[in-house]
Number of protein chains: 2
Amino acid sequence: MADVARAAGVSSMTVSRALRRDAAVNEETRAAILDAAERLGYVFDATAASLRARRTDFIAATIPSINNANFADTVRGLTDGLAARGYQVLLGYTNYDMAEEERLVEQLLRRRPEAIVVTGGRHTARTRTLLAKAGIPVVETWDLPDEPIGSVVGFSNADAVEAMVDRFVAAGFRRIAFLGGDAARDTRGTDRRRGFLRAMAKHGLDAARLIAGGTPPISMREGAAAMAALLDRLPDTELVICVSDLAAFGALTECQRRGLAVPETIAIAGFGDYDIAGISVPTLTTIDPFPREIGRRAAELILGLLDGTVTGPRIVAIMPQLRPGGSALLPDADGAGRANAETAQKSPSAP
Amino acid sequence: MADVARAAGVSSMTVSRALRRDAAVNEETRAAILDAAERLGYVFDATAASLRARRTDFIAATIPSINNANFADTVRGLTDGLAARGYQVLLGYTNYDMAEEERLVEQLLRRRPEAIVVTGGRHTARTRTLLAKAGIPVVETWDLPDEPIGSVVGFSNADAVEAMVDRFVAAGFRRIAFLGGDAARDTRGTDRRRGFLRAMAKHGLDAARLIAGGTPPISMREGAAAMAALLDRLPDTELVICVSDLAAFGALTECQRRGLAVPETIAIAGFGDYDIAGISVPTLTTIDPFPREIGRRAAELILGLLDGTVTGPRIVAIMPQLRPGGSALLPDADGAGRANAETAQKSPSAP
DNA sequence: CTGAAAGCGCTAACAA
DNA sequence: TTGTTAGCGCTTTCAG
């Protein structure tokens, strides 16, 4: 910057001002400075600026896996919302491992992000402490924790599945199985399974049809293997609710390989409204948790928290929506539209 | 750090040493320091350390889209390889837009990464200049550019598709169509299409069966729409090669909806070896470009370049491999194994 | 093994 | 509108 200042015949402070849009600098001077900077191949050093200004323009975010379209959508919503205001997302993934999350959070906090977004509401005690003491906005997503660390943008995975089961039971299904959600590491998966169990108990139905999916995230292939196990062990099952659309699609293919008609012989439902759900034959009955919306709302919330528009933590409830498909037929009941997409109420105070 | 020093009764320099593993510090002193740091909730400030030490431990990376399993795999390979040595990947996505890439690269370079990985070999002139002048290792991936900026870890998309067409022609296919690769923004897609055209010309076949896929990345849905167009316009097509497995799967579903047998009535091939390729019914004949391996190799190369083990830029050729599936049958020819995975030659000098 | 001094490249705060 | 001074929180360098 000193070099640029010299070349432009001004002080480095003027260069600093010229390089930012906000400050008041004579237009000619600014032009000369920008020209000099370009000529010299000067590249601004954000590290030094961050140290001095105590603003890094970093927002940290952790997701369980980068190879998952749902979380990728959330990251997109988040990044797009924040990039517009000059923030850079510092992303890390935890491999669905809370210990790994702890390491990652600790490392990310060293970079002095101005806010941090984490996935899920369950963390190690140390992670919670680190986050709580970081002195920056914390947003937990994809869940509705009982004791939020700070803000939340999410939904209850258990409630979403429970509501789905309610619909299926009302439609006459009785012998319903749940595929996946057995791995403790995937807390959202276990929550969905819990919602299934709760719903079945509520309706007085047998909830013993539980099929393990393996290590998270359950791939299509594992979904197929689990479906094979189910068909061998409990062939009279009427409906399989899967922990995700990927597992559901794998399950669907297993039926196709065996020549079983879906949904006639056995119905299948998923979770996540992944692309595959809308294009497979048949399409998948699933639940849309609005992943992109989660990211967008988190970004919005963070911006508000940082500029003082929003004071104190907020709980933003996302309303997952059932998307009927061909893999598990439901009589249409509610004529619901996309509640969250544009209209849903913002930050209904606390839970 | 001064606070910790005071609490531990040492100078801040000793704290600095204790906090790093390398430096020589009395074990008791170190323990006392770490204890004090924990008690005080001290969090190391990487920004200040970066400024002074002129080492940010950042490696920048840009990918076209975060919602793409192929690129996500590359990022995983990269991150895993680099995290082991304490580097943090600073990730951004370009939306398949070179202008956006330019903005992103400029922004990332301000963070003073120690190396930068970009996707593809085509960039704006300014991006090239920025990268070339950055004074850090530059790695272009997923391509084999004619004029690399620095190092390369990739393969020729055109050659890969050409080789695939060769195999299909040898197997007797003649009326072959190509789906996608029409959007200039997706340079890898256009390269694949070019490989198709080149191969068809070479074999004296009609290469006019080109079906537009729309804006990249082509989704499954767009693949289905394009397939519908193809079936309407050129119903006698024997084989459709798609720009990606996602498009190929969409195309497959369109056939299923129309009751057309794949591969009997029409054969379909994809590119990318996405998860869907291995599980769909039928499985997809595709090309595996070893996305994870690309990331892993890039990480390896960067580490070598940074610690001086490797001197000067390197071209690492990845050898994509045909994966025969049920969607387009091929008589088995080569009994090739996974050339790249473990063994392939490293950095065969220049291209 | 430990400490003191200096400074990384920028910007806040103040002055002109 | 521009400049001066000081210092962000670390680590390099040198000395002990």
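Only heavy atoms go into these numbers, but all of them, side chains included; no hydrogens, no water, no symmetry mates. Note that this is a predicted model, so its numbers are computed, not measured. Lettering follows sequence order; numbering is per chain, from 1.
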> Using whole Å, what does the distance between atom P of nucleotide dC10(C) and atom CZ of Phe44(A) come to?
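After rounding, the reported distance stands at 6 Å.
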> Would you check if Val117(B) and Thr62(B) make a side-chain contact, meaning some heavy-atom pair closer than 4.5 Å?
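No, side chains not in contact.
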> Just how far, in rounded Å, is C1' of dG9(D) from CG of Leu109(A)?
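Value for this atom pair: 17 Å.
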> Do Leu91(A) and Ile63(A) have side chains that get closer than 4.5 Å, going by heavy atoms?
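The answer is yes; the side chains approach within 4.5 Å.
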> Provide, to the nearest angstrom, the distance between the CG atom belonging to Leu51(A) and the P atom belonging to dG9(C).
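It works out to 12 Å between those atoms.
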> Given dA12(C), is OP1 or OP2 found less than 4.0 Å from the side-chain N or O atoms of Arg55(A)?
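No, because none of the side-chain N or O atoms of Arg55(A) sits under 4.0 Å from OP1 or OP2 of dA12(C).
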> Under a 3.5 Å distance rule, please check whether Thr127(B) uses its side chain to pair with a backbone N or O of His123(B) as donor and acceptor.
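Pair absent, no side-chain N/O of Thr127(B) close to backbone of His123(B).
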> Does dT11(D) have its OP1 or OP2 closer than 4.0 Å to a side-chain nitrogen or oxygen of Ser16(B)?
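So the side-chain polar atoms of Ser16(B) do come within 4.0 Å of the phosphate oxygens OP1 or OP2 of dT11(D), strictly under.
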> For the base of dG3(C), is there a side-chain donor-acceptor partner from Arg17(B) under 3.5 Å away?
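Flag set: donor-acceptor pair detected.
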> Tell me the interatomic distance from Arg111(B), atom CZ, to dC8(C), atom P, rounded to whole angstroms.
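The answer, rounded to whole Å, is 21 Å.
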> Using a 6.0 Å distance limit plus a 45 degree cone around the ring axis, check whether Arg111(B) lies over the aromatic ring of Phe58(A).
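The answer is yes; both the distance and angle limits are met.
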> Name the residue closer to the 5' end of DNA chain C, choosing between Ser50(A) and Val10(B) according to the nucleotide with the nearest heavy atom.
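Result of the comparison: Val10(B).
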> Below 4.0 angstrom from OP1 or OP2 of dT2(C), is there any side-chain N or O of Thr14(B)?
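Thr14(B) to dT2(C) OP1/OP2: no side-chain N or O under 4.0 Å.
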> Nearest whole angstrom, please: distance from the P of dT2(C) to the CG of Leu19(B).
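Whole-Å distance recorded here is 14 Å.
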> For a quick check of understanding: with a heavy-atom distance under 4.0 Å over all strands, which category does Arg20(B) fall into, base, sugar-phosphate or nothing?
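Counting heavy atoms under 4.0 Å across all strands, the contact made by Arg20(B) is with sugar-phosphate only.
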> Roughly, in whole Å, what's the span from CG in Asn26(B) to P in dG3(C)?
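Roughly 11 Å, once rounded to whole Å.
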> Contact class for Ala24(A) vs. all strands (heavy atom < 4.0 Å): base, sugar-phosphate, or nothing?
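Result for Ala24(A) = base.
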> Would you mind reading off the distance between Met1(A) atom CE and dG7(C) atom P, rounded to a whole angstrom?
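From Met1(A) CE to dG7(C) P: 20 Å.
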> By nearest nucleotide on DNA chain D, pick out whichever of Thr29(A) and Tyr42(B) is the more 5' one.
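Per heavy-atom nearest nucleotide, the more 5' residue is Thr29(A).
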> Going through the distances and angles, do Thr74(A) and Trp142(A) end up as a side chain to side chain contact (heavy atoms under 4.5 Å, CB included)?
CA-CA 9 Å; Thr74(A) 295; Trp142(A) 279 89; 3.0 Å; yes
> Go through dG3(D), dC10(D), dC10(C) for me and flag the one nearest to the Met13(A) side chain.
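That would be dG3(D).
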> Donor-acceptor pair under 3.5 Å: do we get one between Arg52(B)'s side chain and the base of dG9(D)?
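Donor-acceptor pair under 3.5 Å: no.
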> Could you state the atom-to-atom distance from CD of Glu28(B) to C1' of dC1(C) in whole Å?
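Computing the Glu28(B):CD to dC1(C):C1' distance gives 13 Å.
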> Nearest heavy atom decides the nucleotide; on that basis, is Ala2(A) or Val25(B) closer to the 5' end of DNA chain C?
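This one resolves to Val25(B).
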